[in-house]
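Only one structure is covered here, and it is reproduced in the block below.
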Amino acid sequence: MKAGGKGCKYIVTVHDLIFIHTPQYYHWIDRQIYNFKFRRACQCADRVIAVSEYTKQEIMHYYHTPESKIDVVYQGCDPVFSQEIEAGKLQEVKARYQLPDKFVLYVGSIEERKNLLLAVEAVARLAARGERVHLVAVGRRTSYLDKIERRVAEEGIEDLFHVYHGVGYTDLPSFYRLASAFVYPSRVEGFGIPLLEAITAGVPAIGCTGSCLEEAGGPSSLYVSPDDVEAMSAAISRI
């Protein structure tokens, strides 16, 4: 089948198949629709673009798409994250949001798949050893945040955990530049743009193994298992 029935060739880009890995976050009917559309698109397209080698392997595994039909084309990020920021702008953002002098940054939606709790547990473990590290999370609030905040209260580290919702895009590069390190503990991603934004801004980054983050962060970032609190705390301490 060709697009529009006129013999036009076409290309489809697949960003991820996360709905297969975390079905609990999707309605049953939505999963069926996504699966049908993705499978059909991969069958009918002349070429399939995957945004990471990980996603390519997923497409081959779940939809039996021939490897010869798939091209990996990595995503990029806004060039604004590589641009220098005047000291006055950084200080203005720091003061307006009341950011700590030194902190580890997380950027992304605050949902269970993103696994922010791992970073919270790591910060709590460091605090218990006398190493107090602030964790700043920028992202959309979800019910998962309630679980995180309960854990924060249990550990008595309320002063070390800071959440910001609705940060303006023009301020986001300053958050990266002000951070001492970046952490992206997600269990599964199609690519992981926040990790790329961090390294583009020159921030040392920590990601998790198991999906594509080692591709997004490259060989100079650190990686830990998404369930290894000790390894995450060691990585944060090392940076």
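FYI, side chains are in, hydrogens and waters are out, and symmetry mates aren't considered; it's all heavy atoms of this structure.
- A salt bridge does not link Lys56 with Asp71: every distance from a Lys NZ or Arg NE/NH1/NH2 to an Asp or Glu carboxylate oxygen is 4.0 Å or more.
- Under 4.0 Å is where a charged nitrogen must lie from a carboxylate oxygen, and between Glu121 and Arg125 no such pair does.
- A salt bridge links Lys89 to Asp171: one of the charged nitrogens lies within less than 4.0 Å of a carboxylate oxygen.
- A salt bridge between Arg96 and Glu92 is present, with a side-chain N of the basic residue lying under 4.0 Å from a carboxylate O of the acidic one.
- Remark: aromatic rings of Tyr176 and Phe182 are close, center separation under 6.0 Å.
- Looking at Arg140, its side chain never comes within 3.5 Å of a backbone N or O of Gly108 through a donor-acceptor pair.
- Under a 3.5 Å cut-off, the side chain of Ser233 and the backbone N or O of Val229 do form a donor-acceptor pair.
- Listed here is the closest heavy atom pair of Val224 and Ala235: CG1-CB, 4.2 Å.
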Evaluate Leu222 against Ile239 for side-chain contact (heavy atoms from CB on, under 4.5 Å), listing each step before the verdict.
CA-CA 9 Å; Leu222 301 179; Ile239 290 178; 3.9 Å; yes
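- Using modelled atom types, one finds no donor on one side chain facing an acceptor on the other under 3.5 Å when comparing Tyr25 with Asp30.
- The pair Arg177-Glu86 fails the salt-bridge criterion, with no side-chain N (NZ, NE, NH1 or NH2) lying under 4.0 Å from an Asp/Glu carboxylate O.
- With no hydrogens or angles considered, a side-chain donor-acceptor pair links Glu189 and Ser186 at under 3.5 Å.
- Distance alone, capped at 3.5 Å, is enough to place a donor-acceptor pair between the Ser52 side chain and the Gly190 backbone.
- Of the N and O atoms on the side chains of Asp78 and Tyr169, at least one donor lies less than 3.5 Å from an acceptor on the other residue.
- Proximity of the aromatic rings of Phe19 and Phe38 is defined here by a centroid distance below 6.0 angstrom, and this criterion is met.
- Remark: the His21 side chain and the Glu58 side chain contain an N/O donor-acceptor pair separated by less than 3.5 Å.
- Closest heavy-atom contact between Val12 and Ala45: CG1-CB, 3.6 Å.
- When only modelled atom types and interatomic distance are considered, Ser237 and Glu131 share a side-chain donor-acceptor pair under 3.5 Å.
- Taking the charged nitrogens against the carboxylate oxygens, Arg187 and Glu112 have no contact shorter than 4.0 Å, which rules out a salt bridge.
- Inspection of the Glu215 and Tyr74 side chains reveals an N or O donor paired with an N or O acceptor under 3.5 Å.
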Apply side-chain contact (heavy atoms from CB on, under 4.5 Å) to residues Arg132 and Leu160 and explain how you reach the verdict.
CA-CA 8 Å; Arg132 298 182 64 78; Leu160 298 179; 3.7 Å; yes
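- Aromatic rings from Tyr97 and Phe175 are positioned such that their centres are separated by under 6.0 Å.
- Partner of Lys114 under the side chain to side chain donor-acceptor pair (under 3.5 Å) criterion, chosen from Tyr184, Tyr144, Tyr106: Tyr184.
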